[in-house]
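In what follows, a single structure is set out as structure tokens and then discussed.
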Amino acid sequence: MKLTLPDKSFRELPEGSSGYDLAREIGPGLAKSAVAICINGTQQDLHDVIDGDASVSIITIDSDDGIEIMRHTLTAQVLARAIKNLYPDSKLAIGPTIEDGFYYDVESREVISSDDLTRIEDEMRRIIKTKSSITKKLVSKSEALKIFKLKKEPYKEIIINESDQTDDFQLYYQDDEKFVDLCRGPHLPNLSFVGAFKLTKVSGAYWKGDSNNSMLTRIYGTAFKNDKDLQNYLDNLEEALKRDHRKLGKEMDLFHFQDEAPGMVFWHPNGWTIYRNLRNFIRNKIQFNGYIEVNTPQVIDRKLWEASGHWDKYRENMFITEIDEKHANEKRVNALKPMNCPGHVQIYNQGIKSYKDLPLKYAEFGLCHRYEPSGTMHGLMRVRAFTQDDGHIFCTDDQIESETKLFIDLLSDIYSDLGFKDFDIKLSTRPEMRVGSDETWDKAEEALEAAIKKLGYPYRIDKGDGAFYGPKLDFVLTDAIGREWQCGTFQLDFNLAERLDAQYIGEDGKKHYPVMIHRAVLGSFERFIGILIENYAGKLPFWLAPQQVVIASIISDVDDYSIEILEELKKEGIRAETDLRNEKISYKVREHSSKKVPIILAIGKNEKSNKTVSMRKIGSTDNNVLDLKDAIKIIKKENINFKNAN
RNA sequence: GCUCAUAUAGCUCAGCGGUAGAGCACUUGCUUGGUAAGUAAGAGGUCACCGGUUCAAGUCCGGUUAUGAGCUCCA
């Protein structure tokens, strides 16, 4: 048979040859590092017989695919076996690879906690030491069922039963045949290819990811070619931990949380400075883009939420309030607003609107409360009270496309100013829980897709992920360490205006319902500030930094000059402070550097007598001695973004 | 909401049945020192909350609350 290699060259091999035979034919080095073969684009075991002419490539242990196969073998053959050895009553569910690692889900009567991981790792090492070869058997559906029934593995039975495959179920065995796992394969030919690994954590996970199903124990691990790669990976994890906004928030004294208000931020002066700067920045951007800022009540009668549809479709997420005092004769039930939209419609509804008023864009930095499930809160990233950079565009069908473009332009501009160059767009369609007729949804989805298509932005579709009132575009940005964050949103709504009776008089003199577009660029200030902190590892752009300059004296003789510099900077609107404490300059530099103050001006005898400063910027150990006037010019220039925003 | 873990000084953590500890931070003294920790002393805790076991409970057990890692959610 004729085999085509990746470099387009050919090899002629006798019928019945395997990937291993091919590798050996090409060279002993390749045969030694080969772990699997890719035949016509499908990965298969190295010892599978190649079925006639094909284009093939050998997968070596050094390649990304090879590492992935190694991780797969490690979880399905080694981890699973170790668990069965240590917890014979446990039931195996599934064990896939994930980015940078793998996990195995098992049902176990005994609690497996992170303290047990070392024990499981030891058992895994013992298994690996046997260097067993791994062999495959193909069996029929009924035989596969029989085997796993005997082994008392109910989850495997379910997997087999639910498969539409009738034959060729792949069973993988090690040398002594005591352990068997059902698997899609391919696997390493033997365990000597296993490199460096580590079990990382234990947690619960629902069977098939459905919260109605039973909770299994999930054991996570990671594996690499060698110890060096593994260590490198673990170091990177530690690096990510260092920029955790919860840790930096404490170090930089930005905010805190406490038991009495879970999921709600106590902003400290430093954190609130960042918040205010970001809000001013957005406020100016949107004013420039035709939005009018409004403000609506926090607590609103349930009647309005019933009319808007929130009471029916969103109540699980709402904080409901009642007045509890005996003397109160109001017995109404209120809800804290989870969204600003119904409030904005109330403003729209004051007075009669004409088509000439459209598009009408209301913006609100509205504080919304949502009752998020207890287990989902996470620092600033997922909270129960947050402020959106919210806005609602009331427009006609014809204006949807131009409004979509205007919004995406605004969003790119803002993201780019904040240091995020790239974002992806997701189009989310009708969810199961929704208001409005299917015809309305057809119309809305078509209009939104037509707009984004016409504008030529690449997008992907996320089926069923729309808001309950309409389809949406979500904007996902990538941060400095490659993580993705869904921030901006643009939601088309053909329902709410009608439900809340918002109308306009058209050119035809008749009443029409406007389209409502719910939109936000940052999403929530809380979350976005969390993202900014992590993206910049706390070293925020100068215009956002809570404290921009510290003037640190070296000896007390220069206190007066330091104060003079402070006054100069304050005149320029710079957030500066002096540090005149009786401490060494290195102590002061260390302290303000760890608080991520962008600029430290060290002031000693020389600076005072020459009217200069010694400037040190965060992230650098250079010290530039500059004339005070020049230094102030440079600092003003650093602030330019902020000035532009005003 | 679910699984597991955690909760001790302002912060980071040790202590795991017998009257509460360290480092840093804080206060005071000495020190005026040139770019990531000068030095000595002092002060600081209802060991998250409620209950139980015990002669005796940060310490063991149960519950509550919060937090963490995941899962499920995420407008």
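Numbers restart at 1 for each chain; the letters A, B, ... are given by sequence-line order, proteins then strands.
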Taking OP1 and OP2 of A25(B), is either one under 4.0 Å from a side-chain nitrogen or oxygen of Y587(A)?
-> yes
Phosphate contact (G1(B) OP1 or OP2) by S374(A) side-chain N/O below 4.0 Å = yes
Who pairs with A14(B) - Watson-Crick or G-U, where each distance is under 3.5 Å | none
Check: R218(A) side chain, C4(B) base, donor-acceptor under 3.5 Å = no
Are R384(A) and F257(A) in a cation-pi contact, defined as NZ or CZ under 6.0 Å from the six-membered ring centre and within 45° of the axis?
-> no
Side-chain donor/acceptor of E607(A) to base of G34(B), under 3.5 Å = yes
Atom pair distance, as rounded to whole Å: NZ in K539(A) and P in A36(B) = 14 Å
With a 3.5 Å cut-off and just heavy-atom distances, do the side chain of S556(A) and the base of U32(B) make a donor-acceptor pair?
-> yes
Does E364(A) come within less than 4.0 Å of K337(A), counting only side-chain N to carboxylate O?
-> yes
If you check every side-chain atom of K201(A), which of A5(B), G34(B), A69(B) has the closest atom?
-> A69(B)
Watson-Crick or G-U wobble partner of U54(B), both distances under 3.5 Å | none
What interatomic distance, in whole Å, is found between P of U12(B) and the corresponding atom of A48(B)?
-> 15 Å
In whole angstrom, give me the gap between the P atoms of C11(B) and U46(B).
-> 14 Å
Decide yes or no on side chain to side chain contact (heavy atoms under 4.5 Å, CB included) for V265(A) and W272(A), but give the supporting numbers first.
-> CA-CA 10 Å; V265(A) 189; W272(A) 193 243; over 6 Å; no
With a non-hydrogen cut-off below 4.0 angstrom, is Q491(A) in contact with a base, only sugar-phosphate, or nothing?
-> sugar-phosphate
Looking only at atom C1', what distance separates G18(B) and A56(B), rounded to whole Å?
-> 7 Å
Using atom CZ of R384(A) as one end and atom C1' of C73(B) as the other, report the distance to the nearest whole Å.
-> 13 Å
At under 4.0 Å, does any side-chain N or O of H378(A) touch on OP1 or OP2 of A69(B)?
-> yes
Is the distance between the ring centroids of F475(A) and F407(A) under 6.0 Å?
-> yes
To the nearest Å, give me how far apart CG (L580(A)) and P (U32(B)) are.
-> 17 Å
Measure the distance from CG on D465(A) to P on C73(B) and round it to the nearest whole Å.
-> 10 Å
G58(B): syn or anti, with syn meaning chi within 90° of zero?
-> syn
Applying a 3.5 Å limit to both distances, which nucleotide forms a Watson-Crick or G-U wobble pair with U27(B)?
-> A41(B)
Are the side chain of T387(A) and the backbone of F365(A) linked by a donor-acceptor contact shorter than 3.5 Å?
-> no
Are any of S553(A)'s side-chain N or O atoms less than 4.0 Å away from OP1 or OP2 of U32(B)?
-> no
May I ask you to decide if D100(A)'s main-chain N or O and T222(A)'s side chain share a donor-acceptor pair within less than 3.5 Å?
-> yes
Using purine N1 to pyrimidine N3 plus N6-O4 or O6-N4 for Watson-Crick, or N1-O2 and O6-N3 for G-U wobble, each under 3.5 Å, what pairs with C71(B)?
-> G1(B)
Do you know which of F490(A), Y469(A), Y362(A) makes ring-ring contact (aromatic ring centres under 6.0 Å, His included) with H518(A)?
-> Y469(A)
Can you list, by residue number, the residues of residues 242-265 of chain A that have a non-hydrogen atom closer than 4.0 angstrom to RNA chain B?
-> R246(A), K250(A), D259(A), P262(A), G263(A)
May I ask you to say what A602(A) touches in the nucleic acid, namely base, sugar-phosphate or nothing, with a heavy-atom cut-off under 4.0 Å?
-> base
Record whether the side chain of Y206(A) comes under 3.5 Å of the base of G1(B) through a donor-acceptor pair of N or O atoms.
-> yes
Quantified in whole Å, what is the C1' atom distance between nucleotide A7(B) and nucleotide G58(B)?
-> 11 Å
Y103(A) ring centre to R218(A) NZ or CZ under 6.0 Å, with the angle to the axis within 45°?
-> yes
Searching all strands shown, indicate the nucleotide that pairs with A7(B) (Watson-Crick or G-U wobble; both distances under 3.5 Å).
-> U65(B)
At under 4.0 Å, does any side-chain N or O of R616(A) touch on OP1 or OP2 of A36(B)?
-> yes
